[in-house]
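All remarks here apply to the structure that follows.
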Amino acid sequence: KAGVTQTPRYLIKTRGQQVTLSCSPISGHRSVSWYQQTPGQGLQFLFEYFSETQRNKGNFPGRFSGRQFSNSRSEMNVSTLELGDSALYLCASNSGSQNIQYFGAGTRLSVL
Amino acid sequence: DQQVKQNSPSLSVQEGRISILNCDYTNSMFDYFLWYKKYPAEGPTFLISISSIKDKNEDGRFTVFLNKSAKHLSLHIVPSQPGDSAVYFCAASDTGTASKLTFGTGTRLQVTL
């Protein structure tokens, strides 16, 4: 069974731009969550989507948004990028009824 | 407000000995706890978990202990192997928001020969 796939692996953007990251969950998994990892704040929960609906949300500004498609694939969008958005963005999936999250390798975003 | 804390940023252990990684939490709503292992440039890999109705869970070389009254959990790795060298994260969730994990800051384990 293929794991969680995130694309692209690396991304360089400039301040003010927007970016879209993609995540394909493990086959059969209906829940997709997004996390941000930075040296200063560690791993922080952004939001979770289940059956195309946002089910949980962390404490991030509205510039961070996401969506989920009918095939459970998910995208995360960050608008008006700031230098502080430079981070590793991790996607995780589970079946929707369990606590164990399975993570992808992440997308490393650098904002210049 | 750090709800999950790993107070030891790093730990060095000799191969074959026991590694003990510690984690404390403050939120009494947490009822499920997980340990993840992370190598550089990779996502966290699930290791082992424990529900708050238990105080111990074993899986091969890995054992997690939970002390609810102290709001403390620990991961024991016996025997430690060089391949165990990585950053270990403790995470917690509550039943109401099972997919929302709150992570500790991680402990870097180095297993030396």
Side-chain angles (χ1 to χ4, degrees), chain A residues 3-10 21 23-26 29-51 53-60 66 68 72 74 87-108, chain B residues 1-10 23-27 29-54 57 59 62 64 66 73 86-108:
Chain A
V4 178
T5 304
Q6 291 188 246
T7 56
R9 290 294 312 274
Y10 303 93
L21 313 181
C23 173
S24 293
I26 292 171
H29 283 188
R30 297 167 63 193
S31 166
V32 174
S33 298
W34 289 88
Y35 291 80
Q36 181 197 64
Q37 185 182 24
T38 59
Q41 299 297 320
L43 269 156
Q44 292 189 292
F45 173 80
L46 278 154
F47 32 65
E48 180 214 1
Y49 284 85
F50 179 81
S51 293
T53 302
Q54 189 179 87
R55 188 160 72 168
N56 287 298
K57 189 176 186 305
N59 296 324
F60 278 81
Q68 186 179 34
S72 293
S74 177
L88 179 66
Y89 289 89
L90 292 159
C91 169
S93 76
N94 73 34
S95 63
S97 59
Q98 59 178 162
N99 299 72
I100 299 170
Q101 299 286 321
Y102 298 92
F103 285 84
T107 294
R108 170 75 62 185
Chain B
D1 176 25
Q2 194 72 30
Q3 297 186 65
V4 178
K5 299 178 188 179
Q6 293 177 257
N7 292 319
S8 298
S10 63
C23 178
D24 296 295
Y25 63 96
T26 57
N27 189 337
M29 295 296 291
F30 289 148
D31 56 9
Y32 200 83
F33 304 90
L34 310 90
W35 285 94
Y36 284 85
K37 173 181 177 181
K38 188 177 185 301
Y39 294 116
E42 293 184 14
T45 301
F46 170 73
L47 271 176
I48 191 168
S49 61
I50 187 166
S51 163
S52 60
I53 62 173
K54 294 185 175 181
N57 189 28
D59 185 1
F62 302 92
V64 56
L66 175 62
L73 62 154
V87 178
Y88 288 77
F89 289 95
C90 168
S93 67
D94 68 72
T95 306
T97 54
S99 295
K100 179 181 176 181
L101 297 180
T102 300
F103 282 86
T105 49
T107 296
R108 183 177 301 279

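- Partners of Y36(B) under the side-chain hydrogen bond (donor to acceptor under 3.5 Å, both in side chains) rule, at least two apart in sequence or in another chain, do not exist in this structure.
- In this structure, chain B has heavy atoms under 4.5 Å from both the backbone and the side chain of Q101(A).
- If you measure heavy-atom distances from Q44(A) to chain B, you find no contacts under 4.5 Å at all.
- Note on Q6(A), R108(A), Q37(A): by heavy-atom pairs under 4.5 Å with chain B, the leading option is Q37(A).
- Contact annotation for F47(A): neither backbone nor side-chain heavy atoms come within less than 4.5 Å of a heavy atom of chain B.
- Around atom NZ of K57(A), more than 12 heavy atoms belonging to other residues, nucleotides or ligands sit under 6.0 Å away.
- Looking at R9(A), only its side chain comes within 4.5 Å of chain B, counting heavy atoms on both sides.
- Heavy atoms closer than 4.5 Å to chain B are found in both the backbone and the side chain of I100(A).
- At a 4.5 Å heavy-atom cutoff, L46(A) makes no contact with chain B through either its backbone or its side chain.
- Using a 4.5 Å cut-off between non-hydrogen atoms, the part of residues 99-106 of chain B that approaches chain A consists of S99(B), K100(B), L101(B), F103(B).
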